[in-house]
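The structure appears right after this line, and notes come after that.
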Number of protein chains: 2
Amino acid sequence: MEFNETKNIFLQIRDWVADQILQGKILTGEKIPSVRDLAVDMEVNRNTVMRSYALMEEEGIIENKRGIGFFVAADAKRNLLKRQKQTFLNDELPSILHQIEVLKLNSEDLQILIQTIQSNDHEIKPD
Amino acid sequence: MEFNETKNIFLQIRDWVADQILQGKILTGEKIPSVRDLAVDMEVNRNTVMRSYALMEEEGIIENKRGIGFFVAADAKRNLLKRQKQTFLNDELPSILHQIEVLKLNSEDLQILIQTIQSNDHEIKPD
DNA sequence: TTTAGTGTCATAATACACTATGACAGTATA
DNA sequence: TATACTGTCATAGTGTATTATGACACTAAA
């Protein structure tokens, strides 16, 4: 996998797994890739994946079954939605707004952004 | 200054100075704080500020006058605008769009964002 | 000329992310 | 029972951001 240089790898792995869950590519109760497998896939050390999984376990996103592996927790999706939404609105959005103001980006520059938002207006709210 | 834990300090200092310039709080040709002074102000080591300034010099944002200090380069503002705009649109926006899609954020959730963008529609484009 | 302010360079120490590797216990299956 | 998976822990090494400090050359002003 291609990692962003500015963000810690173990956080990017967490983000990737969280994304898989939010997108429904890994379902509730399903087993996620083993620490060793994912490490090989992502060309990263076991311990780094282990750190991501430990973090997600703390966050209640995944659960461990001894000797078997990690599984998507029952309310992982709702948990993640709430957590990510809050992080986005509270931590990321202010910085985005600030940049838009300073760079004077208008509707034309951000046409795609507005379209993307509006295409969600008729979406059914996820659980 | 309060630093974000996830981003390198010398990059955050660069961002801060760049912001001061874009906002017109430091004018073209004006002297920026000395390496030592800013280090004290931000409660950071001299070398860390030095690294930020060296980076900005490479980027053509500031210039050094020996024995005197660093000054805002002639075309710093235009340079910065171009650079930041490109970084935002190419590197940050895709990730933002992705989050909006996955989290199904709509016009209501992002009301402020849309307002901010639209308030730039009647702005005169900066140089 | 002396003094105080600039940046610059070199060195050492600390902290932490990441890697590399080995060993061990639990679980499922042949 | 033997084998091959799981996660887990410990240890050691590497790279790099950051700190701490000292020394030096340049410039401006007293």
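Sequence lines set the chain letters: A, B, ... in the order given, protein chains first and strands last, and positions in each chain run from 1.
With the nearest nucleotide of DNA chain C identified for both A/V44 and B/E57, B/E57 has the one nearer the 5' end.
The distance between atom CZ of B/F71 and atom C1' of C/dG7, rounded to the nearest whole Å, is 12 Å. The CG atom of B/L11 sits 8 Å away from the P atom of D/dT18 (whole-angstrom rounding). As rounded to whole Å, 14 Å separates atom P of C/dT6 from atom CD1 of B/I62. Whole-Å rounding puts the A/N4 CG to C/dC18 C1' distance at 16 Å. The CE atom of B/M56 sits 11 Å away from the P atom of C/dG7 (whole-angstrom rounding). Spacing between atom CG of B/N47 and atom C1' of D/dT21 amounts to 9 Å, rounded to whole angstrom units. Distance CE (B/M1) to P (D/dT18): 12 Å, rounded to an integer number of Å. Atom OH in B/Y53 sits about 7 Å away from atom P in C/dG7, given to the nearest Å.
The side-chain heavy atoms of B/L22 and A/L103, taken from C-beta on, include a pair separated by under 4.5 Å.
Exactly one residue among B/Q84, B/E92, B/K85 makes a side-chain hydrogen bond (donor to acceptor under 3.5 Å, both in side chains) with A/Q99. That residue is B/E92.
If you check D/dA20, C/dT6, D/dA10 against the side chain of B/D37, the one that comes closest is C/dT6. Comparing atom distances between the B/I9 side chain and each of C/dT6, D/dT19, D/dC9 picks out D/dT19 as nearest. Of the candidate nucleotides D/dG7, C/dA10, D/dC9, D/dC9 has the atom lying nearest to any side-chain atom of A/R46.
Panel note: side chain A/N120, backbone B/L105; a donor-acceptor pair is recorded below 3.5 Å. Between the side chain of B/N8 and the backbone N or O of B/F10 there is no donor-acceptor pair closer than 3.5 Å. Judged by distance alone, the side chain of A/S52 and the main-chain N or O of A/T48 form a donor-acceptor pair under 3.5 Å.
Both B/I62 and B/W16 are members of a single hydrophobic cluster when ILVMFWY side chains are connected at heavy-atom separations under 4.5 Å. Hydrophobic clustering, with ILVMFWY side chains joined whenever heavy atoms are under 4.5 angstrom apart, groups B/F3 together with B/Y53.
Within 4.0 Å of A/R51, counting heavy atoms only, lie sugar-phosphate atoms of the nucleic acid but no base atom.
Between B/T48 and D/dT19, a side-chain N or O to OP1/OP2 separation shorter than 4.0 Å is present.
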Expected string for nucleotides 24-29 of chain C under the B/S/- scheme (protein heavy atoms, under 4.0 Å, primed atoms plus P, OP1, OP2 as sugar-phosphate) is --BSS-
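In the interface, the side chain of B/N45 is paired with the base of D/dA20 through a donor and an acceptor atom under 3.5 Å apart.
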